[in-house]
Trainee: 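One structure, pasted below without further comment.
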Number of protein chains: 4
Amino acid sequence: MSQSITVGIVGAAGYSGEVLVERLAAHPRVRLELVTSRQHAGKPVAEVLPRLRGRLTGLRFAAAGPEEVAAAGLDLVFLALPHGAAATYARPLVAAGVRTIDLSADFRLSDPARYEAFYGSAHPAPELLAEARFVLPELTPPDWRGATLIAAPGCYPTSILVPLGPLYAAGLLPPRGVVINSYSGVSGAGKKAEELYLYCERSGSLRPYGIPRHRHLSEIEEQLSALAGAEVVVQFSPHLAPVPRGIMTTIVAPAPDGADAGPVREAWERAYGGRPFVGLLPQGVFPDSRHVVGTNRVDLAVTHDPRTGNLVINATLDNLLKGASGQAIQIMNLWHGFEETEGLLP
Amino acid sequence: MSQSITVGIVGAAGYSGEVLVERLAAHPRVRLELVTSRQHAGKPVAEVLPRLRGRLTGLRFAAAGPEEVAAAGLDLVFLALPHGAAATYARPLVAAGVRTIDLSADFRLSDPARYEAFYGSAHPAPELLAEARFVLPELTPPDWRGATLIAAPGCYPTSILVPLGPLYAAGLLPPRGVVINSYSGVSGAGKKAEELYLYCERSGSLRPYGIPRHRHLSEIEEQLSALAGAEVVVQFSPHLAPVPRGIMTTIVAPAPDGADAGPVREAWERAYGGRPFVGLLPQGVFPDSRHVVGTNRVDLAVTHDPRTGNLVINATLDNLLKGASGQAIQIMNLWHGFEETEGLLP
Amino acid sequence: MSQSITVGIVGAAGYSGEVLVERLAAHPRVRLELVTSRQHAGKPVAEVLPRLRGRLTGLRFAAAGPEEVAAAGLDLVFLALPHGAAATYARPLVAAGVRTIDLSADFRLSDPARYEAFYGSAHPAPELLAEARFVLPELTPPDWRGATLIAAPGCYPTSILVPLGPLYAAGLLPPRGVVINSYSGVSGAGKKAEELYLYCERSGSLRPYGIPRHRHLSEIEEQLSALAGAEVVVQFSPHLAPVPRGIMTTIVAPAPDGADAGPVREAWERAYGGRPFVGLLPQGVFPDSRHVVGTNRVDLAVTHDPRTGNLVINATLDNLLKGASGQAIQIMNLWHGFEETEGLLP
Amino acid sequence: MSQSITVGIVGAAGYSGEVLVERLAAHPRVRLELVTSRQHAGKPVAEVLPRLRGRLTGLRFAAAGPEEVAAAGLDLVFLALPHGAAATYARPLVAAGVRTIDLSADFRLSDPARYEAFYGSAHPAPELLAEARFVLPELTPPDWRGATLIAAPGCYPTSILVPLGPLYAAGLLPPRGVVINSYSGVSGAGKKAEELYLYCERSGSLRPYGIPRHRHLSEIEEQLSALAGAEVVVQFSPHLAPVPRGIMTTIVAPAPDGADAGPVREAWERAYGGRPFVGLLPQGVFPDSRHVVGTNRVDLAVTHDPRTGNLVINATLDNLLKGASGQAIQIMNLWHGFEETEGLLP
């Protein structure tokens, strides 16, 4: 199959935008025709994103607004914008029937009130929520392919939903009592020139933040509740780690009555056996974020503690790949019938 | 008071040994007369520990064995050795009545069977256990000053006992159900030339290990149980973080019935108000390991989560200072009636 | 062209071996049939190199010795071994007519006496030197394609020969008086479990070594002398930097009489214009190792200093890609008529 | 001698300001009475600089302007401000006869025209230049103690003047032909919230900047020329390294006719023998920035290269201590007759 599609990226100068550009520039089924950045409009892409030097020659950042992007005749558009801004592009794109994959939080929640509660402002496009689909490819049933607007999951949520999704779906975990602890690389905060994100502030630093009610909780609990068929409430404590990329999530949950880690492994095997982007680690092997950074994989391990009766689950991923841009490309691949791993190896 | 004491360090070439040497070399009440290292015997200290260049001129590493050290006429000896090895020095030192502060695990547990269960070999000197005192200066009642052999706490345990000790002592926490997650700098593993600790392996890496039954659990649970008057069992998940020094511990525990974080703050204030090495952070401020590395302080914060009814506690310290050598010097200061902070600022 | 070749990697468990495996596993023209490691013989590749988890299933490390590898019927073999060991494999491979790309120093020098002077032992296979070709694809004339044994250049040499090669060839630089300063990521030392390479030793450290006569000088000066047609002697000062990957080389050289940076830029443009793996930066833009790590590119910049009459040249590359495995794959691609960038983007 | 002095710090919230506060808070001869920060006026010092938590209780940042600081009755004031701003404080302080140590560039150059050429704006207080003394304690003759206004040297200049000063003074080096290459930790740029200094931009990055004419050249060449009695012009190439603190400077210079490294070592020994803050390394030992970060020391090594006839000199220091605040405190100690190392160990 030699068919290829035309693609645009809105907001391509941030960290997840850069990864999208780099990966799509090498994707054999994609012609990258439009990349936008208000700040860098007019500049060659490889001048702003020097990793691309020598590639994409001729492509410059455009200042294209929502209507222009929607009218550009593209087959698919990625939105790599802050929440709020994404919706303003999604509206005309959906109206024009252009397939859109949004990496922001704008269409991850089904309830605009919940959005407002967690994001602090009214939902920017509630009328689109009914059409949007939250797609975590390994978990979401395949009927999403008919939608026009896809919400790609957040980085923390992916590291939590991949391990916990099949367990809640199988009734292995209680709706309350799960404790989640995550450490994230600094790129998760985006390319913000704030003191907190300076090299000298983050180097050598381990630091919690967003406790007890990080925004991603809204998305985590909505998805888990849907899978569990009951309202799930979790304790989620995120931290900043001195790495550019990578998330390590450690989850403590009560083991099902009388069980060890067996039922968890079986549920994972059923859900993910043969899937290219989920690594199921054997007993006694722990994941390491260094082994997944630069890949689109989530690595999972589970340990039963007979002293406490708990399960300890570790999950790791690259927040810019499986936690953002890689997952968005994976969604594109599946949507268009490409090989799932195309453009995502190594 | 111009009095000073003569001090020796056994095993001075490792990371905690180096910090002991550096701090004691500048301590106004201490004359450092003996530093030993089998590997570096005969070499000037500042050749092996180049941070000390230009200081301690004339002092060389000695190969002195246990009897020699005990007979050296020192007022106090620090043992910075692996567990097992420490006991062989402690025996003649105690027999000679030399005050000894052991930084290893050899005398932290009261029960030799528990030692064997967690450390995998028979206790090397069970006859000394009755004489040894586990001393965490902010928690241990002051009657330890009459002992000869002091066990300084481990790094993870200090980051856990300081926040939880007063809470268990006050009956604020249940014996089961507390979940502890820690990230440690790589120096916590000592100066071991193993692949796991290579720069390229640890750089950029977040990695769990020792789950579900790290050796330090033995010490954590023994101390908490003693304070609680009941057998405490916790879930403890340690991780390696890509920093040379620093521990961040995040603890989730059920809040006492109907309470928010108030009782925790009050218990901490009672236990630690005015103590120089415990920082109690105001509501909404999170600790950062970068703010304590290079200091002997533990910084504590607590957050109540009304959604879950849990408390989230964060504690951070420098594993080589408050988690090892700094704490040992603090013990020395208190033992000899020196200013508690002497040699430990900044 | 759908043709593909069968490939083996000898010594695949080190850092450059791992990169070879990862890249070749995704290379559309390559079937990776044999990977060897004495230490890990019998283990699945993805168990030892967890970045490969879920890929290359079924492939295990073999313990195959030189004769076995040579008899394996492979089209091409990469040798990722220490110097000395590589030659023992090269001998039967060359005898069997198997195309061999050696990443070690064994065949980079034409004179065995020079090898002995710099590497401290007799050359292990002087009889093969006449057949071996040193190939830096952007500099070496294309007639090397007829050889059987190719020596891939070292990491420092590549960062120096790419910028200086065309300048010496064009007579723009004098044989003496060039000063070269390089900083390298720690993976350049390989996966050696030595104290010097521990995380806590290298983290936060800037450190010279190998001054004034690093082994790579032999290769640098031999190549530059050949291009200059005169004996070139340079001052080369390497350093370790606290990064896993990346080299930054800064070169100071006298500008040709009366000239500014123009002739250098022209010589580079002539040599490298249109080549995919050399980035020529515009005036006033400096290279950054972060922009090339993960790519197979060398980025070059030159600045003229009117105060001193010198040129300052900066060159950067990823020591494991353009400085080792990426360059070896590039050689393979050119050798077999594949697209030069195949398997090397992004 | 139990005498102590009252001290103020203007601009205490930056990186060098923070180190001043931390060190002076523990200095037995100093009462820190005034710390200013426009941005943080009114806040407790330990709230803004959390490393100080639990210390300096009661001390808050003041917004005090130049006249107020001058009228505060302090014995000594440190100015840790950007160039230009420092002069506005220096003027009334000098008028009031208050001893002032300026860490900025404002009084390091004797010629206002040179200041304008390198700093891009007219000198802010040329009338004070005659009264100001540039003091690098190990190099500057002791008659500076009678001055009122002291310019503390820059970080790069200290790493260059300490090794080269005695050599130029002894006539061992030529006025032209010396090549200097430096790598600096990111804190050298100050606490600026700019994209270039973000964690994700600097992590893993080696990057030149300021070539060929960094501002510090003005100071380096003025000092060296004064010592040489001739106009010295050097090639200086600074780089950013991914460390928070530390500078490594590598200098290549022609060896004096027929000489090896002997005369350099002798000159250093004469100049620095017995000085506490200069480490002279034995032949074959290279300095490491990790060994001096956190100390006020410069470590020096020299290697003769018989192949080229050059000397290679390595010098390393902590840019915030010997390169800024530590050196300023050292100047204060000498000025007031305190022990030179007071407050600077470890």
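Only a predicted model underlies this, so the values are computations on that prediction, with no experimental measurement involved. Reckoned from all heavy atoms, side chains included, excluding hydrogens, waters and symmetry mates. Convention: sequence-line order gives letters A, B, ...; per-chain numbering from 1.
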Trainee: Considering only heavy atoms, which portion of B:Val285 lies under 4.5 Å from any heavy atom of chain D: side chain, backbone, both, or neither?
Mentor: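 For B:Val285, the side chain is the part near chain D, not the backbone.
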Trainee: Would you mind checking which part of B:Pro50 comes under 4.5 Å of any heavy atom in chain D, side chain (CB onward), backbone (N, CA, C, O), both or neither?
Mentor: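 Contact with chain D involves both backbone and side-chain atoms of B:Pro50.
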Trainee: Who are the side-chain contact (heavy atoms from CB on, under 4.5 Å) partners of D:Val7, not counting sequence neighbours?
Mentor: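 For D:Val7 the side-chain contact (heavy atoms from CB on, under 4.5 Å) partners, ignoring immediate neighbours, are D:Ile5, D:Leu24, D:Val30, D:Leu32, D:Leu76, D:Phe78, D:Met332.
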Trainee: Find the N and O donor-acceptor pairs between chain B and chain D that sit under 3.5 Å apart.
Mentor:
{"residue": "B:Pro50", "atom": "O", "partner": "D:Arg297", "partner atom": "NH2", "Å": "2.9"}
{"residue": "B:Arg51", "atom": "O", "partner": "D:Arg297", "partner atom": "NH1", "Å": "2.8"}
{"residue": "B:Arg51", "atom": "NH1", "partner": "D:Arg290", "partner atom": "O", "Å": "2.9"}
{"residue": "B:Arg51", "atom": "NH1", "partner": "D:Val293", "partner atom": "O", "Å": "2.8"}
{"residue": "B:Arg51", "atom": "NH2", "partner": "D:Val293", "partner atom": "O", "Å": "2.8"}
{"residue": "B:Arg53", "atom": "O", "partner": "D:Arg297", "partner atom": "NH1", "Å": "3.3"}
{"residue": "B:Arg53", "atom": "NH1", "partner": "D:Asp299", "partner atom": "OD2", "Å": "2.4"}
{"residue": "B:Arg290", "atom": "O", "partner": "D:Arg51", "partner atom": "NH1", "Å": "2.9"}
{"residue": "B:Val293", "atom": "O", "partner": "D:Arg51", "partner atom": "NH1", "Å": "2.8"}
{"residue": "B:Val293", "atom": "O", "partner": "D:Arg51", "partner atom": "NH2", "Å": "2.8"}
{"residue": "B:Arg297", "atom": "NH1", "partner": "D:Arg51", "partner atom": "O", "Å": "2.9"}
{"residue": "B:Arg297", "atom": "NH1", "partner": "D:Arg53", "partner atom": "O", "Å": "3.3"}
{"residue": "B:Arg297", "atom": "NH2", "partner": "D:Pro50", "partner atom": "O", "Å": "2.9"}
{"residue": "B:Asp299", "atom": "OD2", "partner": "D:Arg53", "partner atom": "NH1", "Å": "2.4"}

Trainee: Pick whichever of B:Val293, B:Leu280, B:Val278, B:Leu49 has the most heavy-atom pairs under 4.5 Å with chain D.
Mentor: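 That would be B:Val293.
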